[in-house]
Number of protein chains: 2
Amino acid sequence: MLQNHVIVLQSGYAHEDANDPNAMRANCSCTLIRCRDSSNIIVDTMTAWDGEHLKTLLAGQGLQPDDIDVVVCTHGHSDHIGCNYLFQQARLHIVGSTASKHDLYTEYTGALDTHGEVLLEKTPGHTLSCASVIVHNSQFDGSTVGICGDLFERFEDIDDAQIWKAAGSEDEKQQAEQRYRIAQLCQYIVPGHGNIFQLNDEMRKKLKNI
Amino acid sequence: MLQNHVIVLQSGYAHEDANDPNAMRANCSCTLIRCRDSSNIIVDTMTAWDGEHLKTLLAGQGLQPDDIDVVVCTHGHSDHIGCNYLFQQARLHIVGSTASKHDLYTEYTGALDTHGEVLLEKTPGHTLSCASVIVHNSQFDGSTVGICGDLFERFEDIDDAQIWKAAGSEDEKQQAEQRYRIAQLCQYIVPGHGNIFQLNDEMRKKLKNI
């Protein structure tokens, strides 16, 4: 491969439950990165009840759990970490910017691939320890994709900031700053609970002014 | 049973790695509560590589993963959530104060048992969304036990506050307040990375003055 392939295995969602206005139905976007150095990275592993579903999604890409080299969870909420258990052969699990294997822990940011094109960056706001994966040289004409967890809730939250604020933000000011910073860096965003979307300058302008 | 039984399945630890001063060896305290209403609660599930170990520890109590009714993770760090996947028969997984089953999410604090003696309380500080489990009417002469995750790192952090601060605190002021509040409420503490310990008034005085 000449480029890094970003494959959204499942687009996330979040909406009020039909039966209980105090409850939400939610699951995260789950994304596979097939890096051009042949390593495989999974970003956010859905809920603990999604193991068989996730195995099926990976099989659709010709992969098994043991083929995953790095697990990244953009943050430690339960819909983003539920199936980490499946990936015990991975060389690293990273939650936020804390990397571990077995009981060995380090802080980590920077390149996840050998070409330095797939990067873990801190993007605090939704939680203070949130991180995003930035994929340069993607299959989308070489453009840059941000896999951002709940930094972005979904496409519509660019017009309506109440969407990401209401989804919970531990620091709205930092989150707004990081949203603008990442939007300048990326052409595409995989949000935590919606479909991948493309950014344009009008959207960046809105993000700057919030 | 006339009382709730708090069983520390594994005492947590955290120390610098022998080979790399920038890395830590760490795992959490993992605690089983056998409630007197016959339900079983597990608090903090260690790393994703601890599944077989955890099954063995549960078997030592005559239990299997499917016998666990509620999973509580005091917070979403990877050494506290790693084996949630094993407990898919549980009626709830709770991380911090966010409860879920499959993709249904609610905020939750309060009683976890039918007698109202085992309570989930918010104890922000180490992370802003940390929670603790307070067990009244325990097997220790009916006293109250706090299973606190990283609100307390280990016994020694009462004399040396740098221990819990250096372990990472997203809000030191709130954490100090919650440490004192919980110490007033409890006679015993299960800390995140050390052995269970008993509190006395001298320790409470130190906690008040930090």
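All heavy atoms count here, side chains included; hydrogens, waters and symmetry mates do not. Lettering of chains follows the sequences in order, A, B, ..., and the numbering in each one begins at 1.
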Enquirer: Side chains of Y13(B) and D103(A) only: does a donor on one sit below 3.5 Å from an acceptor on the other?
Expert: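 Side-chain D/A pair, Y13(B) to D103(A): present.
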Enquirer: Hey, does the side chain of Y85(B) reach the backbone of D50(A) with a donor-acceptor pair shorter than 3.5 angstrom?
Expert: no
Enquirer: Just checking Q64(B): does its CD atom have more than 12 heavy atoms from other residues, nucleotides or ligands closer to it than 6.0 angstrom?
Expert: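 No, not enclosed.
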Enquirer: Measure distances from I94(B) to the heavy atoms of chain A and classify the residue's part below 4.5 Å as side chain, backbone, both or neither.
Expert: neither
Enquirer: Taking the side chain from W49(A) and the backbone from K101(B), do they hold a donor-acceptor pair closer than 3.5 Å?
Expert: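 Judged by distance alone, no pair lies under 3.5 Å.
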Enquirer: Can you give me the closest heavy-atom contact between L128(B) and L128(A), atom names plus distance?
Expert: CD1-CD1, 3.9 Å
Enquirer: What parts of residues 113-123 of chain B touch chain A if we use heavy atoms and a cut-off under 4.5 Å?
Expert: none
Enquirer: Near F140(A) CZ, under 6.0 Å, is it more than 12 heavy atoms from other residues, nucleotides or ligands?
Expert: yes
Enquirer: To the nearest 0.5 Å, what is the distance between CE (M24(B)) and CD (E107(A))?
Expert: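 These two atoms lie 11.0 Å from each other.
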Enquirer: Side chain, backbone, both or neither: which part of T127(A) has a non-hydrogen atom closer than 4.5 Å to chain B?
Expert: neither
Enquirer: Quick one: which of H93(B), R25(B), E170(B) has the most heavy-atom pairs under 4.5 Å with chain A, could you say?
Expert: R25(B)
Enquirer: If you draw a 6.0 Å radius around OH in Y188(B), do more than 12 non-hydrogen atoms from other residues or ligands fall strictly inside?
Expert: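 Yes - once you tally the heavy atoms of other residues, nucleotides and ligands closer than 6.0 Å, there are more than 12.
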Enquirer: For chain B, which candidate among C83(A), G76(A), A26(A) shows the most heavy-atom pairs at distances under 4.5 Å?
Expert: A26(A)
Enquirer: Is chain A contacted by the side chain of S100(B), its backbone, both, or neither, given a heavy-atom distance below 4.5 Å?
Expert: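 S100(B) touches chain A through backbone and side-chain heavy atoms alike.
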Enquirer: Given heavy-atom pairs under 4.5 angstrom as the criterion, report whether the side chain, backbone, both or neither of S78(A) touches chain B.
Expert: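 Both backbone and side chain of S78(A) come within 4.5 Å of chain B.
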Enquirer: With chain B, which of N84(A), L104(A), V95(A) has the greatest number of heavy-atom pairs at distances under 4.5 Å?
Expert: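 Top option by heavy-atom pairs under 4.5 Å: L104(A).
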Enquirer: Counting heavy-atom pairs under 4.5 Å with chain A, which one of D17(B), T106(B), D79(B) comes out on top?
Expert: D79(B)
Enquirer: With rounding to the nearest 0.5 angstrom, report the OG to NE2 distance, S129(A) to H75(B).
Expert: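 These two atoms lie 9.5 Å from each other.
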Enquirer: Apply side-chain contact (heavy atoms from CB on, under 4.5 Å) to residues N27(A) and Y105(B) and explain how you reach the verdict.
Expert: CA-CA 10 Å; N27(A) 211 341; Y105(B) 280 79; 5.8 Å; no
Enquirer: Can you name the residues that form a side chain to side chain donor-acceptor pair (under 3.5 Å) with Q174(A), not counting sequence neighbours?
Expert: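 Checked Q174(A) against side chain to side chain donor-acceptor pair (under 3.5 Å); matches are D171(A).
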